[in-house]
Amino acid sequence: MAEEVKLFRTWSSGYALRIVWALKLKGIEYETIFEDLTNKSPSLLQYNPIHGKVPVLVHDGKPVCESLVILEYVDETWKHNPLLPQDPYEKSMARFWANFGDDKLMKSIWQLFIAREKDQDVAAVEALENLKLVEEQLKGKKFFHGETVGYLDLAFGWFADFVSILEEIMSLKLVDGERFPHLSSWIQHFIDAPVIRDCWPPRDKMIIKFQVMRENYLAAATPK
Amino acid sequence: MEETGGVKLLGFWVSPFAQRVKWALKLKGVQYEYIEEDIYNKSPLLSKLNPVYGMVPVLVHNGKPISESIIILEYIDEVWKQAPLLPQDPYERAQARFWAKFAEEKVRQSVWEAMCSSGEEKQKAVKSAVEAFEEFEKELKRRGTKFFGGETIGFVDIVAGCISYQLAVHEEVGSIKILDSSRFPAISEWIKNFLNHPLINEGLPQKDQMFAYFSKRSKEIASRKMSHKTA
């Protein structure tokens with residue numbers, strides 16, 4: 001019996017992109033449903049009634065929500081080309097750093113991105129501290145997973161793309177090769193890795209999207 | 001630290017996060033050494049074992065430290081296979097992970113915020129907490145089992161379990177009411193069943209000590225918020 005796999009996503013969601021990569025890396029056939037989050041489909045609200053967010057993976061009619069949860073589901077359901085390490089301790093470390101990426105790193109990068117000029121220096125301090133911690137994790141490794149891409153690389157994938165977008169919009173260098181040699185190298189390898197490289201959202205659209213978002217945040221923050 | 005074996009848990013007496021790990025180890029009958037940390041005066045050991053966050057709990061197994069309570073629970077479940085916390089089926093596991101995240105981020109967190117805030121912020125937080133409880137109640141009813149995981153205590157029960165013994169204290173400290181037993185009969189019953197388990201109820205912090213601690217914490221957080229506003 002043929003399996004039915006559907007993925008609800010948006011064109012730009014870095015969270016959804018994790019699942020696109022995971023499914024493609026495992027060679028799983030799936031149907032894509034693009035959502036407009038300002039006008040959510042009844043299906044999305046039915047499959048993710050609590051959060052109404054993407055991504056949602058629907059496998060044979062059963063929905064799985066939350067991207068890191070979906071990654072683990074995909075890895076446990078289709079066991080070839082494993083994404084997570086086998087060893088329980090290494091698995092814990094991958095989960096720890098994925099959570100760090102989503103909680104601390106993403107927040108600090110975002111705070112820098114929307115900071116007013118006078119607040120940028122302070123915002124940069126925390127972002128750079130977090131980047132240093134991630135840099136440490138890549139010592140001696142091509143990818144977080146080792147020689148090939150894995151769970152933690154997919155979890156940090158948003159970062160590989162967003163760094164250059166932030167740097168272009170803000171005209172600053174955040175991940176410079178001297179200060180962050182391993183992170184810089186990882187970004188280059190990841191952006192161009194097989195399968196990964198075929199899925200990036202259009203850069204010009206991303207630049208416009210984030211430029212507009214930043215302008216809106218800065219306008220809202222300006223005292224009238 | 002030159003350990004080659006053995007299990008250590010760094011915790012703090014009132015930490016709900018450390019309590020999750022204690023429950024998991026006890027339910028699986030895993031012997032461990034407990035080290036009480038003063039999180040307001042962190043030991044070099046804690047800073048060394050959790051350099052990123054400097055927080056408890058930290059589980060140390062075979063000399064290797066693991067932080068973040070939910071991640072520790074997954075590790076414990078993978079290493080000690082008796083009394084499994086997560087189901088075997090990948091879809092059921094995904095549901096458990098989803099609800100554990102929900103229990104932590106929406107249920108526990110919103111109660112904390114409701115306790116520590118005031119005015120309009122407090123009203124919003126209480127509303128969020130009640131909404132989270134409604135979802136949790138719905139899911140418990142839908143499952144229709146004694147515990148979230150079935151007839152025995154599982155992953156989601158342990159993550160959500162802190163509300164069983166701390167919610168009432170938070171409500172009192174914060175002058176809020178969230179758990180109305182007529183509105184949330186399934187949750188109320190679940191709490192009763194959860195606390196009825198001898199390994200769950202054993203060694204929980206005393207109510208009056210929790211009240212004193214959370215009152216103090218709540219005031220500290222409130223005054224920090226005020227000083228940020230006026231700065």
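Numbered from 1 within each chain, the chains take letters A, B, ... in sequence-line order.
In this structure, the portions of B/R97 lying under 4.5 Å from any heavy atom of chain A include both its backbone and its side chain. Of the atoms belonging to B/Q95, it is side-chain heavy atoms, and not backbone ones, that fall under 4.5 Å from chain A.
Interface check for chain A: of the options B/E135, B/E68, B/R93, B/K64, the most heavy-atom pairs under 4.5 Å are formed by B/K64. Among B/Y91, B/F98, B/Y75, the residue making the largest number of heavy-atom pairs under 4.5 Å with chain A is B/Y91.
Scanning both residues, B/A94 and A/V64, for their nearest heavy atoms gives CB-CG1, 3.7 Å. Closest heavy-atom contact between A/Y73 and B/P90: CD1-O, 3.4 Å.
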Without placing hydrogens or testing angles, list every side-chain donor-acceptor pair under 3.5 Å for residues 86-98 of chain A, not counting sequence neighbours.
from, atom 1, to, atom 2, distance (Å)
A/D87, OD2, A/Y89, N, 3.2
A/D87, OD2, A/E90, N, 2.9
A/Y89, OH, B/P65, O, 3.4
A/S92, OG, A/P88, O, 3.0
A/R95, NE, A/E72, OE2, 2.8
A/R95, NH1, B/E78, OE2, 3.2
A/R95, NH2, A/E72, OE1, 2.9
A/R95, NH2, B/E74, OE1, 3.3
A/R95, NH2, B/E78, OE2, 3.2
A/W97, NE1, A/Q137, OE1, 3.2

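You'll find the side chain of B/Y53 reaches within 4.5 Å of the side chain of A/K104, heavy atoms only. Looking only at side-chain heavy atoms (C-beta outward), B/S67 and A/F100 stay at 4.5 Å or farther from each other.
By the neighbour-count criterion of 12 heavy atoms within 6.0 Å, atom NZ of B/K106 is sparsely surrounded, having that number or fewer from other residues, nucleotides or ligands. Counting non-hydrogen atoms of neighbouring residues, nucleotides and ligands closer than 6.0 angstrom, the NZ atom of A/K141 exceeds 12 such neighbours.
Scanning residues 35-58 of chain A against chain B with a 4.5 Å non-hydrogen threshold yields A/I50, A/H51, sorted by number. Residues of residues 136-146 of chain B lying under 4.5 angstrom from chain A, judged on non-hydrogen atoms, do not exist here.
Residues passing the ring-ring contact (aromatic ring centres under 6.0 Å, His included) test with A/W21, sequence neighbours excluded: A/F190, A/W200.
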